Amino acid sequence: MSKKKTEDVRTDVEQDLLKRDYSIGEILKERGVSRRDFLKFCSAMTAAMALPASFAPRVAQALDEVKRPTLVWLEMQSCTGDTEALLRSANPTIAEIVLDILSVDYHETIMAAAGHQAEEALDKTIAAFKGKYICVIEGSISMKDGGVYGSTGGKSHLDRARQVCAGAMATIAVGTCASYGGIAAAVPNPTGAVGVREAVPGATVINLPGCPVNADNLTATIVHFLVFGKIPALDSHGRPLFAYGKRIHDNCERRPHFDAGQYVEHWGDDGHRKGFCLYKMGCKGPATFHNCPSQRYNEKTSWPVAAGHPCAGCSEPGFWDTMSPLYKRLPNVPGFGIEATADKIGIGLAAGVGAAFAVHGALNALRKDKEPVEETKEG
Amino acid sequence: MPNQAKYKRYIWELPVRWTHWFNVVSIATLAVTGFFIGTPFSFGSSASDFTMGWIRFVHFTAAYVFAISTISRVIWSLVGNEYAGWKAFFPCVTAKGREKMVKMMRYYMLMDKEVPETVGHNPLATTAYFALFLLYVLMILTGFALYAQHAPNGIMHKSLGFMYSLFSDQGMRLTHHLSMWLIFGFIINHIYSAWLMDIKEHGSEISSMFSGYKFTVKKED
Amino acid sequence: MAKIVVDPITRIEGHLRIEAEVNGGKITDAWSSATMFRGIEKILRGRDPRDAWFWTQRFCGVCTTVHSIASIRAVENALKIKIPPNAELIRNIIIGIQNVQDHVIHFYHLHALDWVDITSGLKADPAATSKLAASISDWPNNSATYFKGVQDKVKAFVASGRLGPFANAYWGHPAYKLPPEANLMATAHYLEALEWQKDVIKIHAILGSKNPHPQSFLVGGMSIPIDPDSQNALNADKLIEIKRLLKKAQVFVEKVYIPDLLAVASFYKDWAAIGGGVGNYMSYGEFPDAAGNLWFPSGAILGKDLSKVLKVDQGKIAEYVDNSWFENSAGAGKGLHPFDGETEVRYTGPKAPYTNLDTNAKYSFVKTPRYDEKAMEVGPLARVLVAYASGHKETKAIVDHVLKTLGVGAEALFSTLGRTAARGIDCLLVAQQTPKFLDELIGNISKGDYRIHANEKWEPSSWPAEAQGYGFHDAPRGALGHWIKIKDQKILNYQAVVPSTWNASPRDAKGQRGPYEAALIGTPMADPNKPLEILRTIHSFDPCLACAVH
Ligand code: HEM
Ligand code: HEM
Ligand code: NFV
Ligand code: SF4
Ligand code: SF4
Ligand code: F3S
Ligand SMILES: [Mg+2]
């Protein structure tokens with residue numbers, strides 16, 4: 001294609017952008033997605049949002065009316081795991097998300113433009129769709145030393161976050177890093193990493209923690225937003241109740257073994273092979289709110305406990321510090337060594353008190369007391 | 001001593017004794033079951049067993065007994081006699097109380113030979129009881145906050161909301177677990193002291209917690 | 001003249017910035033800078049060594065298994081743990097499919113748009129496209145109707161007025177050389193690969209619960225139990241699903257990726273003389289068998305001399321920070337071996353917002369690893385060259401076939417095109433080898449061997465007071481090493497020298513450029529405002545900056 005023609009396409013595109021506004025339903029129809037497939041997608045979304053199946057028609061109706069919304073995705077101090085999770089999403093697939101459902105106008109990992117052209121795409125989008133685009137942030141934001149530990153295009157991530165979140169109708173923090181600072185914020189937090197809520201106070205932020213986020217929870221959040229026109233109900237940590245409203249432990253397929261008193265004692269032992277409870281191997285399911293057991297990963301193929309590994313509590317704020325060590329149920333007692341479990345310290349304490357009183361008792365037995373007399377008595 | 005006449009005096013009213021022994025029994029139950037919850041053995045032989053289930057059930061039942069008993073004792077500290085009243089737990093605020101504490105301390109540290117007899121609580125003990133009471137509160141709050149997580153946004157979970165902002169989940173567990181050992185530390189001290197005072201004061205210290213009566217050198221005023 | 005800046009370099013993992021000097025239509029000098037830092041090596045100190053894999057895995061969510069592998073190998077090396085054969089085989093399968101999936105995503109979704117002009121595909125004749133496709137492969141999706149469908153899809157997308165991630169790109173750039181039909185075919189396969197990658201990586205979910213960030217690694221083995229008679233373990237049902245997916249992976253590589261690669265490459269042969277780089281290559285080898293022998297050999301090649309393959313000595317590795325935003329107790333111009341490595345960050349760059357870095361001073365968060373004081377390129381090209389030069393049978397056969405098809409000599413490999421071709425070769429080799437690990441695993445299981453973990457050294461009380469070790473892994477992007485020092489059951493020091501650390505490194509004190517920088521020298525630039533050529537060479541390395549810096 002000649003240079004001239006490309007420019008023609010681009011001007012068309014820009015003009016189009018101003019006059020046309022398709023609904024998701026219309027676009028899907030135009031793109032040859034059958035009504036049946038569309039309704040299937042709507043039911044999957046309804047299930048992901050933990051809504052009763054009777055809501056599916058409402059979801060479909062809303063999507064029929066909703067315009068293909070703009071999304072910009074910023075990567076900060078991230079490992080790109082959440083982007084990869086998005087690439088693995090099945091309901092809808094990434095191709096459907098990018099081509100049919102959303103207009104992903106900025107995403108460094110997948111976008112064709114680079115450098116100035118990429119930055120220009122971002123600037124144009126946030127100006128043209130001010131107040132109407134969804135911002136997704138992946139990775140923590142460095143605050144220390146003026147935020148020098150993260151920059152893109154010569155701008156600090158902190159400034160980028162402030163600028164882009166300010167014009168967004170809502171910001172979704174994907175992954176535990178963007179939600180709460182994540183791994184970079186673990187002690188001693190060398191870069192002063194924090195989550196989006198803390199970095200950009202005042203922004204409307206929905207947290208979707210998980211390391212990485214479960215892509216189904218992300219698409220369900222976006223659909224919820226589009227269908228109901230408001231953000232889903234959140235818990236005190238800013239997480240949607242539909243995905244984080246219940247403990248892993250209360251939804252876990254191994255719970256009967258927990259209640260029965262059947263535990264994995266060693267990796268590869270009989271209980272491990274039979275799917276016993278991983279409580280004694282350090283499972284953090286009893287302290288973790290996430291829908292992993294029901295939503296699962298990679299088209300519902302599996303989730304950590306199903307692979308014989310304890311839950312690490314990856315959707316909890318500060319889990320890197322509070323949920324470690326990985327293979328112990330309880331954290332280490334601060335100030336003591338790795339092997340000092342709560343029980344060892346407790347036994348030591350009790351033994352110490354016992355020994356002290358034994359000595360005291362012996363000394364007491366050896367001495368003769370003076371009897372109390374009337375005057376010294378209280379009354 | 002045997003040549004000294006002692007007076008029988010009613011010190012511990014019924015609610016004090018009942019809550020004391022309810023606490024003793026529920027704490028013992030909570031500790032045994034709690035220990036198992038913390039360090040379970042693979043007791044179950046089939047998935048239809050309910051070993052951990054029952055143990056947790058007993059823990060939670062005992063937890064309610066313990067919590068109600070503790071609250072009852074707090075109420076009684078407002079209505080009960082002077083020995084049960086809440087003021088008795090802060091001996092250090094009066095000069096007389098402080099003097100008694102020093103005496104008691106000197107006796108315990110084997111510096112004095114004379115047993116400072118007490119009619120109600122001994123002032124060192126009440127100070128320890130107050131610390132213990134704080135542990136009770138901590139156990140009850142962390143315990144119920146952990147318990148409420150099975151029904152997030154339920155009424156119990158909502159009213160304990162402040163606990164979740166004060167503690168991480170794991171921090172709460174660790175606190176709950178470690179505080180058990182602190183209570184054990186108290187118990188060892190407490191039983192030893194009760195036994196020691198029983199022998200030394202000849203005030204029928206131990207049985208007083210059953211009968212309510214103590215024997216003192218001084219008559220009731 | 002003023003330096004041109006490409007920041008962000010997109011379609012990579014992470015935050016990479018390239019500054020380059022262009023004179024007479026060619027790049028005369030270049031600087032590679034990473035602009036993000038987290039400090040995970042520092043964060044790891046004082047923690048349980050058995051947990052390290054879970055932390056280091058978060059270095060990167062793209063090559064999401066590789067730091068787990070290197071980490072458990074390092075701890076196992078330190079504590080002298082020998083893992084059961086089945087655990088090794090499961091790891092090999094996980095490594096294998098990671099490599100294959102990662103390379104295909106790189107080719108289609110990260111690299112292809114440097115060579116393929118999607119908009120040109122709109123003009124293609126579907127019938128001619130079908131003919132072209134059929135001439136290079138018997139992949140079933142090659143009818144005119146199929147390509148017409150894809151073309152209509154793209155047309156409708158463009159007509160919707162919103163180009164999304166394809167907006168503002170270099171469409172129509174004179175450096176694009178493919179005919180419209182080849183562009184349409186590649187666009188179709190871009191979409192197919194998108195579907196394919198999420199399917200084949202389910203192997204990670206079966207063996208490790210999820211991808212990215214599988215969760216079944218353990219120091220001493222794996223956590224996924226084996227028991228053909230259990231529903232909660234690796235059983236026939238799951239093994240057969242893995243077999244199916246491995247087959248699917250292999251067929252796609254054989255029938256789509258490799259034919260596409262050769263077809264596209266044949267239009268860009270000029271790139272076989274561009275982007276050579278430092279000319280030193282290193283590979284740690286990969287896929288240990290039960291005896292510890294590696295299927296892919298380890299070795300180093302210096303000065304493009306394929307007649308000699310040197311043995312890799314980890315003692316010769318050192319990291320310098322003379323041009324990196326760190327301090328180093330060794331002093332200026334001196335490096336530290338990773339056992340004694342330090343991660344003392346100290347940013348001295350310009351205050352944001354800035355337009356240019358001061359490239360005469362420190363200018364990157366990537367450290368500068370050197371092997372025997374030499375800059376080394378690592379990655380599929382290094383892996384393939386080392387194997388080729390060592391006479392590795394399977395590699396030799398494929399490399400010779402590819403060179404013959406393209407009608408070029410072995411020297412063509414030292415280039416941007418060679419790097420991109422080597423990735424395909426590596427992918428094909430691994431796609432064909434991985435099913436054999438599965439067969440071996442199935443063989444062991446049928447003999448009744450269900451062992452997946454060596455328990456003896458699990459409890460820290462069984463460890464010596466002090467230990468140190470290292471773990472090597474040849475990751476998709478190349479030679480990866482983790483070094484650990486353990487004291488009193490805790491991590492005393494943890495250092496990772498990662499493939500992209502080698503490749504993205506800035507200059508060292510002697511002024512030797514890092515591989516990205518060296519490879520850019522001489523790259524032609526049709527229009528410095530549209531730096532497509534820079535993307536080509538940089539993308540040929542498949543950069544991963546979260547890895548590089550960690
Ligand atoms: C003196 C009083 C108590 C003692 C000594 C005690 C002891 C313990 C111990 C040792 C654990 C195991 C902790 C761990 O390692 O994870 C535990 C767990 C627990 N306790 Fe208590 N506890 C006491 C009171 C209470 C109270 C008042 C409640 C209120 C409901 C309570 C509720 C719980 C709960 C919910 C758990 C976690 C059980 C689970 O979810 O599996 N505890 N307790
Ligand atoms: C779980 C074990 C126990 C706990 C937590 C405990 C706790 C307490 C508390 C809080 C009080 C103050 C009573 C009040 O003012 O309400 C008290 C008093 C007392 N307890 Fe216990 N107790 C325990 C076991 C025992 C046992 C086994 C004995 C008998 C050997 C005993 C003997 C006494 C006596 C004699 C007093 C009155 C002493 C005084 O205050 O001067 N206790 N105990
Ligand atoms: N460089 C790198 Fe990795 C790889 N392959 C790591 O070791 O990408 Ni994230
Ligand atoms: S939350 Fe986890 S997956 Fe997401 S960026 Fe952070 S480390 Fe990576
Ligand atoms: S495996 Fe974990 S989440 Fe499941 S029942 Fe056991 S402790 Fe709970
Ligand atoms: S580790 Fe994370 S993925 Fe789910 S099972 Fe636990 S929350
Ligand atoms: Mg390093």
Side-chain angles (χ1 to χ4, degrees), chain A residues 235-236 241 245-247 249-250 256-265 271 276-277 279-280 284 286-289 313 316-319 321-323 329-333 342-343 345-347 349-350 352-354 356-358 360-361 363-364 367-374 376-379, chain B residues 1 4 35 38-53 55-56 96 100 108 110 112-119 146 149-150 152-153 161 164-165 168-174 177-178 180-182 184-186 188-189 192-193 195-196 200-201 216-221:
Chain A
D235 71 3
S236 58
L241 292 177
K246 218 168 166 189
R247 272 192 310 183
H249 190 55
D250 295 322
H257 295 295
F258 172 83
D259 287 336
Q262 293 182 301
Y263 306 101
V264 177
E265 304 277 353
F276 286 5
C277 168
Y279 186 71
K280 292 182 80 171
K284 307 300 189 303
T288 306
F289 291 80
E316 292 299 314
F319 89 95
D321 288 316
T322 63
M323 300 279 184
R329 230 178 26 76
L330 289 179
N332 287 325
V333 183
D343 285 329
I345 292 169
I347 290 169
L349 174 105
V353 173
F357 285 115
H360 193 269
L363 292 173
N364 246 311
R367 74 171 180 173
K368 186 93 183 75
D369 280 343
K370 207 156 93 201
E371 275 301 311
V373 290
E374 182 82 22
T376 63
K377 296 296 174 310
E378 66 169 43
Chain B
M1 41 195 286
Q4 231 168 1
F35 190 82
T39 319
F41 329 110
S42 286
F43 267 159
S45 53
S46 108
S48 61
D49 284 351
F50 202 59
T51 318
M52 180 61 117
I55 285 170
R56 289 176 75 243
K96 195 170 164 216
K100 273 201 252 169
Y108 270 129
L110 310 174
D112 277 356
K113 286 201 157 184
E114 189 182 330
V115 195
E117 205 204 56
T118 48
V119 179
L146 285 171
Q149 289 190 328
H150 76 280
N153 297 299
Y164 306 112
S165 43
S168 70
D169 279 351
Q170 287 292 93
M172 206 132 67
R173 259 169 203 281
L174 185 64
H177 194 117
L178 275 177
M180 172 180 77
W181 288 104
L182 293 178
F184 284 179
F186 166 85
I188 294 169
N189 160 358
Y192 168 78
S193 307
W195 163 80
L196 183 72
K200 298 289 179 179
E201 281 189 353
T216 65
V217 183
K218 209 176 170 192
K219 233 200 214 153
E220 218 155 341
D221 334 73

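Naming convention: chains lettered A, B, ... in sequence-line order (proteins, then strands); numbering from 1 in each chain. Computed from a predicted model, the values in this text were never measured in an experiment.
Under the 30°/60° scheme for interplanar angles, the aromatic rings of A:F357 and B:Y192 are found to be tilted.
Among B:F50, B:F43, B:W195, the residue with the largest count of heavy-atom pairs under 4.5 Å with chain A is B:F50. Ranked by heavy-atom pairs under 4.5 Å with chain B, the first of A:T288, A:D235, A:I347 is A:I347. The greatest number of non-hydrogen atom pairs below 4.5 Å with chain B, out of A:G346, A:P286, A:A356, is found for A:G346. Listed options B:P152, B:G161, B:P40 were ranked by heavy-atom pairs under 4.5 angstrom with chain A; first place goes to B:P40. When each of B:G171, B:G53, B:S48, B:S193 is checked for heavy-atom pairs under 4.5 Å with chain A, B:G53 comes out on top.
Contacts of B:F184 classified as ring pair (Phe, Tyr, Trp, His ring centres under 6.0 Å), with partners at least two apart in sequence or in another chain: B:W181.
Scanning all heavy atoms of the two residues, the minimum distance from B:G185 to A:V353 falls at O-CG1, 3.6 Å. Annotation for A:R247 and B:Q149: closest pair NE-O, 3.7 Å, computed over non-hydrogen atoms. For A:A260 against B:S46, the heavy-atom pair with the smallest separation is CB-O, 3.5 Å. Here the shortest heavy-atom pairing between A:A287 and B:D169 reads O-OD2, 2.7 Å. Closest non-hydrogen pair, B:Q170 versus A:L330, comes out as NE2-CA, 4.1 Å. Between B:T51 and A:G261, the closest heavy-atom pair is CB-CA, 4.4 Å.
Only the side chain of B:F35 comes within contact range of chain A, with heavy atoms under 4.5 Å apart. Interface remark: A:P317 contributes no atoms to any contact with chain B (heavy atom separation under 4.5 Å). Heavy atoms of A:H360 lying under 4.5 Å from chain B belong to its backbone as well as its side chain. Only the side chain of A:F289 comes within contact range of chain B, with at least one heavy atom under 4.5 Å from a heavy atom of that chain. If you measure heavy-atom distances from B:L196 to chain A, the contacts under 4.5 Å come from the side chain alone. For chain A, no part of B:S165 is nearby; none of its heavy atoms comes within less than 4.5 Å. The part of B:H177 that comes within reach of chain A is its side chain, from C-beta onward, which places non-hydrogen atoms under 4.5 angstrom from that chain. A:S236 does not touch chain B: none of its heavy atoms, backbone or side chain, sits under 4.5 Å away. Contacts between A:L241 and chain B at a heavy-atom distance below 4.5 Å involve the side chain alone, from C-beta outward.
A:Q262 contributes a side-chain N or O that, together with a main-chain N or O of B:A47, makes up a donor-acceptor pair within less than 3.5 Å. With A:K280 contributing its side chain and B:T39 its backbone, the two residues share no donor-acceptor pair below 3.5 Å.
At a cut-off of 3.5 Å, with distance as the only test, a side-chain donor of B:S42 or A:E265 sits close to an acceptor on the other residue.
Proximity of A:R329 to B:R173: side-chain heavy atoms (C-beta onward) are separated by under 4.5 Å at one or more points. The closest side-chain heavy-atom distance from B:L182 to A:L349 is below 4.5 Å. By the 4.5 Å heavy-atom criterion applied to side chains, B:M52 and A:Y279 are counted as neighbours.
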